[in-house]
S.K.: 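Starting off with a structure, shown below.
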Protein chains: 2
Amino acid sequence: MDGVLPPRIPVSAVDGRRPRAPVMMDVARLAGVSHQTVSRVVNSHANVRAETRQRVLDAMRELNYQPNSAARTLVTRRSNTIGIVTVDSTLFGPASMVYGVEQAARAAGYFVSVASINTLTQRAVRDAVSRLEEQSVEGIVGVVPHDEAVHALVAVPSGVITVAVGVGSGAAVPFVGVDNVAGAVVATRHLLAQGHRTVHHIGGPVGYPDARERRQGWRRALTEAGAPTPDALTGDWSARSGYDLGRVLAADRAVTAVFCGNDQMALGLLRALFESGRRIPADVSVVGFDDVPEAAYMIPPLSTVKQDFTEMGRLSIDLFVRMLGRPPGSDPVRILLTPTLIPRVSSRSAA
Amino acid sequence: MDGVLPPRIPVSAVDGRRPRAPVMMDVARLAGVSHQTVSRVVNSHANVRAETRQRVLDAMRELNYQPNSAARTLVTRRSNTIGIVTVDSTLFGPASMVYGVEQAARAAGYFVSVASINTLTQRAVRDAVSRLEEQSVEGIVGVVPHDEAVHALVAVPSGVITVAVGVGSGAAVPFVGVDNVAGAVVATRHLLAQGHRTVHHIGGPVGYPDARERRQGWRRALTEAGAPTPDALTGDWSARSGYDLGRVLAADRAVTAVFCGNDQMALGLLRALFESGRRIPADVSVVGFDDVPEAAYMIPPLSTVKQDFTEMGRLSIDLFVRMLGRPPGSDPVRILLTPTLIPRVSSRSAA
DNA sequence: CTGTTAGCGCCTTCAG
DNA sequence: CTGAAGGCGCTAACAG
């Protein structure tokens with residue numbers, strides 16, 4: 001990140017294998033015009049006679065001409081590319097958001113460059129951002145659901161518009177997220193409505209806005225209902241942690257309802273409950289969060305709070321485009337989606 | 001794809017908000033050298049006195065200089081970028097492979113540009129490749145586990161080195177994949193070894209090399225063992241299809257062992273069996289394929305054949321680098337990993 | 001060891 | 001409506 005580039009494979013290794021691609025001048029010659037006119041056609045400028053335009057288009061096709069984006073970027077100072085910084089991109093949520101970003105970015109005429117990080121440190125995020133900047137990206141979409149990472153994101157030099165997605169609802173950058181509090185409230189109330197005295201919670205790890213907000217919502221719903229608030233358990237989003245913590249809950253006969261911070265942990269919990277002989281939902285009701293594709297096929301089908309990750313990714317590009325049109329210092333726009341409860345068997349009333 | 005670029009947000013919208021970044025010349029002036037010397041430092045050339053080099057480095061740091069990759073690409077004709085074409089990138093396998101590719105590409109000094117497609121047609125792949133070429137990528141990694149898509153990939157103009165990953169073991173491009181046949185054989189034999197008369201199969205959809213090869217392996221193992229070969233059922237990789245087909249199998253008391261083409265379908269199958277009251281593994285044994293993180297937490301823990309997707313992604317970059325060093329017409333290199341059986345409860349001997 | 005010169009392919013500005 | 005000139009930021013080739 002100090003400007004010194006890493007060593008690279010020598011040019012000689014690639015040289016010669018690449019037949020020089022046709023350039024604008026080649027097209028111009030073939031069409032009998034100047035390269036400038038070709039440029040106009042390529043960029044859909046007005047002021048080109050229809051017939052000339054056609055000749056140029058024919059020439060382009062014949063030569064299989066492809067504009068050189070490096071040259072274009074150099075002179076316009078517009079790279080036409082958006083960068084994505086992502087963590088945990090193998091998980092369904094992040095992967096879906098990245099997918100949504102990519103689709104929308106393409107539709108908006110942008111290339112997409114990704115930089116994934118594997119440690120959740122500010123430094124890692126800064127490095128990723130730095131690499132993206134080196135490519136002169138015009139915007140950065142952060143799919144980084146962690147406080148540290150978001151903090152690093154707000155520190156991005158102002159030349160690049162930065163938006164975040166799936167980072168809770170309190171970020172200091174423009175973002176699109178889901179209303180975690182509302183989602184957790186709905187889930188908890190739903191459980192309470194089945195007649196449970198209270199609802200336990202297995203939440204995500206410290207430092208994750210999503211985890212914090214869901215815990216908040218859960219606690220709020222309990223308080224509002226006048227139900228006792230048990231200690232929340234803290235997992236790490238994995239099925240393993242859901243299982244481990246689930247064994248603790250399963251051992252406690254007072255536990256009759258559990259709201260999990262995500263579906264993976266709920267999966268682990270379901271197994272822990274199953275193994276200890278507790279019937280679901282007869283003895284214990286469970287609700288997850290996310291609605292991963294597998295949720296409907298767990299044993300039993302998992303009630304959960306659905307969020308549309310792909311759509312969120314798409315919206316982040318809308319957001320980016322919107323920020324593009326705003327004067328530099330203006331307030332960050334926020335888009336907050338409301339998640340929906342998907343009731344399935346795991347929380348069905350025992351009655 | 002005809003060379004005419006899509007209309008873009010007017011430059012005026014972004015102009016002015018970007019403080020002109022320092023260029024090489026600025027660094028040179030501050031360090032009191034020519035811009036060429038700066039270039040030498042940036043590219044780690046020899047022939048720069050240590051002291052001069054340090055002055056330049058200091059100047060770079062002070063100005064927070066970042067090399068402009070567009071300019072660099074323009075003159076070197078090397079974009080330093082690798083493109084990824086991907087389908088179904090929200091699923092664990094593809095997402096992990098993409099992740100592996102990104103990590104390794106970065107380590108090798110490359111930027112990564114992604115183009116995901118949502119329909120498995122040759123045309124979609126061609127378009128994606130075309131977009132990537134427009135960015136002058138030096139290589140393309142295809143994460144496209146389908147025949148049509150692979151075919152489209154081999155047709156990529158020879159200027160760009162193309163490799164594939166996770167596309168079975170018969171592709172006509174250099175690839176890294178897993179030995180599906182071996183994996184399926186191991187899984188099937190394992191089931192047979194538990195004393196089952198034969199093994200049923202729920203496979204992936206037509207047109208997927210992975211599905212085809214696993215089915216082959218399954219059939220081969222049965223034949224070699226002299227076991228009867230039931231008709232294979234064909235799903236679509238989803239838990240839903242596993243469930244639907246699983247209900248059919250569950251209804252047949254002769255079914256005592258099932259090998260599934262992937263873990264999602266196995267999940268659906270587990271539920272279908274559970275619902276029909278068949279105990280696992282006492283009545284029916286099940287083995288999946290992939291070893292997704294959730295496999296160990298299903299009910300019961302799913303035996304499966306593990307493949308290391310991330311590693312495969314990484315290896316595809318090794319492969320790319322290796323192809324770079326070979327003369328143009330040379331034979332495509334293939335890397336085939338051997339998957340490992342992970343026996344868990346779902347296939348434990350009833351004895 | 002360091003500086004100078006000449007483009008890379010394209011777009012912007014200004015002429016015609 | 002079309003063409004000519006100039007330069008984007010950088011690196012390769014050659015001087016010195």
Side-chain angles (χ1 to χ4, degrees), chain A residues 3-5 7-8 10-12 14-15 18 20-29 31-56 59-60 63 65-80 133-136, chain B residues 3-5 7-8 10-12 14-15 18 20-29 31-56 59-60 63 65-80 133-136:
Chain A
V4 176
L5 273 11
R8 298 157 58 227
V11 180
S12 60
V14 245
D15 231 18
R18 197 158 315 185
R20 208 181 94 280
V23 300
M24 210 167 248
M25 193 57 201
D26 299 326
V27 177
R29 254 194 298 269
V33 298
S34 76
H35 74 122
Q36 193 39 239
T37 299
V38 177
S39 171
R40 291 196 179 95
V41 171
V42 168
N43 293 290
S44 311
H45 279 216
N47 291 357
V48 178
R49 214 189 333 155
E51 190 227 328
T52 311
R53 169 191 197 69
Q54 194 51 54
R55 272 217 316 283
V56 171
M60 292 200 310
L63 263 37
Y65 169 74
Q66 280 238 322
N68 177 317
S69 70
R72 208 160 185 269
T73 297
L74 185 56
V75 61
T76 59
R77 295 156 159 296
R78 298 265 273 121
S79 65
N80 231 241
E133 282 187 315
E134 204 177 316
Q135 302 171 76
S136 320
Chain B
V4 175
L5 273 11
R8 298 157 59 227
V11 180
S12 60
V14 246
D15 233 16
R18 195 157 317 185
R20 208 183 94 278
V23 300
M24 208 167 251
M25 195 53 201
D26 300 326
V27 176
R29 254 193 298 269
V33 297
S34 76
H35 77 268
Q36 189 45 236
T37 299
V38 177
S39 170
R40 291 195 179 96
V41 171
V42 168
N43 293 291
S44 311
H45 279 217
N47 293 356
V48 179
R49 211 189 337 155
E51 191 227 326
T52 311
R53 169 190 196 70
Q54 193 51 54
R55 273 218 315 283
V56 171
M60 292 201 310
L63 262 37
Y65 169 74
Q66 281 237 323
N68 177 316
S69 71
R72 205 160 188 270
T73 297
L74 185 56
V75 60
T76 59
R77 296 156 160 294
R78 298 264 273 122
S79 65
N80 234 242
E133 282 186 315
E134 203 177 317
Q135 303 172 73
S136 322

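Worth saying up front: this structure is predicted, and the values here are computed from it rather than measured. So you know, we letter chains A, B, ... as the sequences are listed, proteins then strands, and number each from 1.
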S.K.: Looking for any heavy atom pair under 4.0 Å, which part of the strands does A:Thr37 touch: base, sugar-phosphate only, or nothing?
M.R.: sugar-phosphate
S.K.: Hey, which of these two, B:Leu74 or B:Gln36, hits DNA chain D nearer its 5' end, going by closest nucleotide?
M.R.: B:Leu74
S.K.: C:dC11 phosphate, OP1 or OP2: any side-chain N/O from A:Arg78 under 4.0 angstrom?
M.R.: no
S.K.: Within the 4.0 Å heavy-atom criterion, would you say B:Thr73 contacts the bases, only the backbone, or no part of the nucleic acid?
M.R.: nothing
S.K.: Could you tell me how far apart B:Gln54 (CD) and C:dC1 (P) are, to the nearest whole angstrom?
M.R.: 16 Å
S.K.: Is it true that a side-chain atom of B:Thr73 and a backbone atom of B:Ser69 form a donor plus acceptor pair closer than 3.5 Å?
M.R.: yes
S.K.: Can you tell me how far the CE atom of A:Met24 sits from the CE atom of A:Met60, to the nearest 0.5 Å?
M.R.: 8.5 Å
S.K.: Atom NE2 of A:His35 to atom P of D:dG3: distance rounded to whole Å?
M.R.: 10 Å
S.K.: Test A:Glu51 against every option in A:Arg49, A:Gln54, A:Arg53 by the side chain to side chain contact (heavy atoms under 4.5 Å, CB included) rule and name the one that passes.
M.R.: A:Arg49
S.K.: Is the backbone of B:Ser136 close enough, under 3.5 Å, to the side chain of B:Ser79 for a donor and an acceptor to pair up by distance?
M.R.: yes
S.K.: With no angle test and no hydrogens, is the base of D:dG9 tied to the side chain of A:Arg77 by a donor-acceptor pair under 3.5 Å?
M.R.: no
S.K.: Taking the side chain of A:Arg49 as its heavy atoms from C-beta onward, which of C:dC10, C:dG3, D:dT2 lies nearest to it?
M.R.: D:dT2
S.K.: Counting just side-chain N and O atoms, does A:Arg72 come under 4.0 Å of either OP1 or OP2 of C:dC11?
M.R.: yes
S.K.: Rounded to whole Å, how long is the line connecting atom CZ of B:Arg29 with atom C1' of D:dG9?
M.R.: 13 Å
S.K.: Between atom CG in A:Asn68 and atom P in C:dG7, what is the gap in whole Å?
M.R.: 18 Å
